[in-house]
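Structure first, commentary second.
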Amino acid sequence: MTAKENVVVSKNVKKEVLTDYRIVCESREASLLGRKEVFMGKAKFGIFGDGKEVAQAAKARFFRPGDFRSGYYRDQTFMMAIGELTIQQYFAQLYAHTDADAEPHSAGRSMNGHYATRMVNEQGELKALANLKNSASDISPTAAQMPRLLGFAYASKLFRENKELHPFTDLSRRGNEIAFGMIGEASASEGLFFEIMNAAGVIQAPILISVWDDGYGISVPVEAQTTKGSISKAMAGFQRTQNENGLEIFTVPGWDYEALCSTYAAAEKVCREEHVPVLVHVEELTQPQGHSTSGSHERYKSKDRLQWEAAYDCNLKMREWILETGMASETELEAIEADAKKAAKAGKDAAWKAFAAEIEAEQNELLAILEEAAAETEGVLEIAEQLASVINPMRLDAQKAARTAARLMVNNQSAARRKLLDWIAKTEVLNRGRFNSHLYNETKFSALKAEAVAAQYSEDSPLLDGREVLRECFRAAFTRDPRVFALGEDVGKIGDVNQGLSGLQNEFGKWRVSDTGIREGAIVGKGIGCAIRGLRPIAEIQYLDYIYYALMTLADDLACLHYRTKGGQKAPVIIRTRGHRLEGIFHAGSPLGTIINALRGVMVLVPRNMTQAAGFYNTLLKSDDPALMIECLNAYRLKERLPDNVGEFALPLGVPETLRVGEDVTIVTYGAMCRIVMTAAEELEKFGIRAEVIDVQTLLPFDVHHSIVKSIQKTGRAVFADEDMPGGASAYMMQQVLEEQDGYHYLDSKPVTISAKPHRTAYGSDGDYFSKPNVEEIFDKVYALMSEAQPERFPPIYQ
Ligand SMILES: Cc1ncc(C[n+]2csc(CCOP(=O)(O)OP(=O)(O)O)c2C)c(N)n1
């Protein structure tokens, strides 16, 4: 379907059109200058939005306060048109200015073209997003913007359909907000694109996505990317009909301003009013400067194609159209173009000045110190001269100079050396703030600052299945806060495959406890998008083994969101899953090494039972860090006592629990291994070996008070046991305790890790026994450790 209506030329229309023309010209000038800056060595890399300006300006006309964008690195014109990107900020990002006031999109952390709006204030509170124009924080992997795009749209669905959310007017106007998506046509080859578009069609989520089609994914043409060489043709089966839900699909040339405006007007209406997802395939776009500063497009585009691109440059076509309509004269347009050039240059110059001034100030301070030091230490003068001669210096130049000089001055006790060391210490703190802060929440909403509340038991506390303890925790959470909801495969009707949520859909309704299709990327995306919009999702991955489908989104989007916005956005989603031992290759996963290394930035919790899990859920729901909760797959039917305050008790994160006191050896473990290690410890006791068993409870954060080292001070021996592969999370725990906590000081024996075999778990009880650590293996390895130290007392068993 194409929608092209005549735009009636009135004074207002003329003003709007010329405003758009100014924006597209400024954006183009910024792109042209940006490329030059990279080639002059003032920035490392550049990727620009030239060739997509007109379509973006047209689309931006329909972006309202409360709406959300989830797009990619070509969207500069859109961001400028909605008023969320100034030219100065554009260049500040290109230079990697680390000041969030100068570069609010990422505080210099993301490469250029990666936009975001700041949704969280300095105190860590969410702003009134319903009144703001909001943009997700862009990431580079192609199509990675899709999962959270669905989440933004799903939140609108919830805000509209769930009446309990209507009072949250700061967050939504009853779900009238659209999620604006943008993606390149080649990126639409990714699985996530199809997964998310399918999900949007199923749930009828208000996504308005544009596919910017310039015919190439870097050098590979669209015919090699997409069936039929056209995403709108390939997606035609998703088109809604009179009787069936689906998507509304439009196609429109990307150089036809008038057609673009009318297409987006029609698209917005159906999307906003009816919550119908819309795909706008914007064809015939160009890329005047090629893909990025990494290479030139002349290498792979034919002469004909290049000629066509020059003739169909969208800015040029818009200009021709304005002249044709008589809306403005050649002279008026020339004036706009000249102004745009000036504005781009002024923005660029101001950004560079601000960026360079900070670096210069720090460098000048150092140069003064080095000059003083040069009088007494040979070689320092040369260092200072070299630093002073660097063109466009970076902070690293000053650091290198300072540290090289410090080496030369190691035997010097002068005042100049003191000043130099102070400068190094001071800038170390500053640079930590610039480059290493905000991996986790640093405000009062940090999960580490949530108040702990002890579990209370009375004589009446019933003994229940573990899954019932969890269910009572969830019931309390749903009752307490209407923003809390759970979703996932089999979560709704049957209350999850282990019935931790059973009956809760009946009690709270289908918008609070919802089934989803089998699409882990979409589940996690819903969680992330809804959490960014101020809701409190518990998004379930049915088994830990299936997290890999979502791992890319969790790692690339969720885990680094807080870091890459320097605290400008937060997504307090809880990813709930279950893992460790059960059965076979795909239901016994415990790849915690993989997970904790992929997900720094997410709290990773490994409770040994459902009561501990409940206590952690309560803590997480009071705070704003995202978390992955791994419940023990084989423990839902084990009996646990229900705390009387199941809805309030809250366990602190990063605080291990000693499950058994001993003096001979410390065994550090977590999750389902706790019970196995405890049984082994009982066996060891029979042979006079007293093992101290510590459950770390959370891997990220890990033992924040360094309590485990105290146990090793006592025992002199450390064993780290889990079900991960060799060198996985057991090695991580060893590194944390022996290196971070200086545990190596106290060791009398070699440290030991006990893990699963380096293959997946074979099926059946024997498969489990011979693949995962078992009681006998733990016994033998601990016994061998003691035998090595005291062979008379503990003679070798197998020799
Ligand atoms: C997952 C992933 N694979 C590869 C890349 C490298 N890459 C960056 S952009 C790009 C081409 C994207 O083309 P398209 O989606 O058409 O967008 P365009 O750049 O043309 O606007 C590729 C392959 C990437 N960023 N992410």
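Both ligands and their constituent atoms are indexed starting at 1 by order of listing. All of these numbers come straight from a predicted model, not from anything done at the bench. Count residues from 1 along the sequence.
Protein heavy atom at the shortest distance from atom 12 (C) of ligand 1 is Tyr73 OH, 3.4 Å. Nearest protein heavy-atom neighbour of atom 1 (C) of ligand 1: Thr142 OG1, 3.3 Å. For atom 13 (O) of ligand 1, the closest heavy atom belonging to the protein is Gly217 CA, 3.3 Å. Among protein heavy atoms, the minimum distance from atom 18 (P) of ligand 1 is reached at Arg74 NE, 3.6 Å. Summary of contacts: the protein heavy atom closest to atom 21 (O) of ligand 1 is Tyr72 OH, 2.7 Å. Scanning the protein for heavy atoms near atom 22 (C) of ligand 1, the closest one is Ile218 CD1, 3.6 Å. Atom 15 (O) of ligand 1 has its closest protein heavy atom at Ser187 OG, 2.5 Å.
In summary, Arg61 and Glu268 do not engage in a salt bridge, as defined by a charged side-chain N under 4.0 Å from a carboxylate O. Salt bridge status for Arg564 with Asp557: present, with a side-chain N to carboxylate O gap under 4.0 Å.
Not one N or O of Lys52 is nearer than 3.5 Å to an N or O of ligand 1, by distance alone. For Trp212, no nitrogen or oxygen atom sits less than 3.5 Å from a nitrogen or oxygen atom of ligand 1, counting backbone and side chain alike. The shortest N or O to N or O distance between Ser140 and ligand 1 is below 3.5 Å. Considering backbone and side-chain N/O atoms, Ala186 comes within less than 3.5 Å of an N/O atom of ligand 1.
In terms of heavy atoms, Gly579 sits closest to Ile630 at N-CG2, 3.8 Å.
The presence of a protein heavy atom under 4.0 Å from atom 6 (C) of ligand 1 is ruled out.
For the pair Arg519 and Tyr549, the cation-pi test (distance below 6.0 Å, angle within 45°) is failed. A cation-pi contact, defined as under 6.0 Å to the ring centre and within 45° of the axis, is absent between Lys348 and Phe91. The cationic atom of Lys317 (NZ for Lys, CZ for Arg) lies less than 6.0 Å from the six-membered ring centre of Tyr312 and within 45° of the ring axis.
Donor-acceptor pairing under 3.5 Å is lacking for the side chains of Thr117 and Glu84. In this model, a donor atom of one side chain and an acceptor atom of the other lie less than 3.5 Å apart for Gln239 and Glu248.
The closest approach between Gln287 and ligand 1 falls below 4.0 Å for a heavy atom of the residue.
The ring of Phe78 has its center closer than 6.0 angstrom to the ring center of Phe63.
Near Glu185, meaning under 4.0 Å from one of its heavy atoms, ligand 1 places the atoms 15 (O), 16 (O). Each of the atoms 1 (C) of ligand 1 lies under 4.0 Å from some heavy atom of Glu190. Within ligand 1, the atoms closer than 4.0 Å to a non-hydrogen atom of His291 are 9 (S), 10 (C), 19 (O), numbered from 1 in the order shown. For ligand 1, the atoms lying closer than 4.0 Å to a non-hydrogen atom of Pro141 are 26 (N).
Just one residue in the list His114, Arg69, His105, Gln145 forms a side-chain hydrogen bond (donor to acceptor under 3.5 Å, both in side chains) with Asp138, and that residue is Arg69. Checked options Arg35, Gln76, Gln289, His291; the residue passing with Ile47 is His291 (criterion: side-chain contact (heavy atoms from CB on, under 4.5 Å)).
Only side-chain heavy atoms of Asp214 come within less than 4.0 Å of ligand 1; its backbone N, CA, C and O stay farther off.
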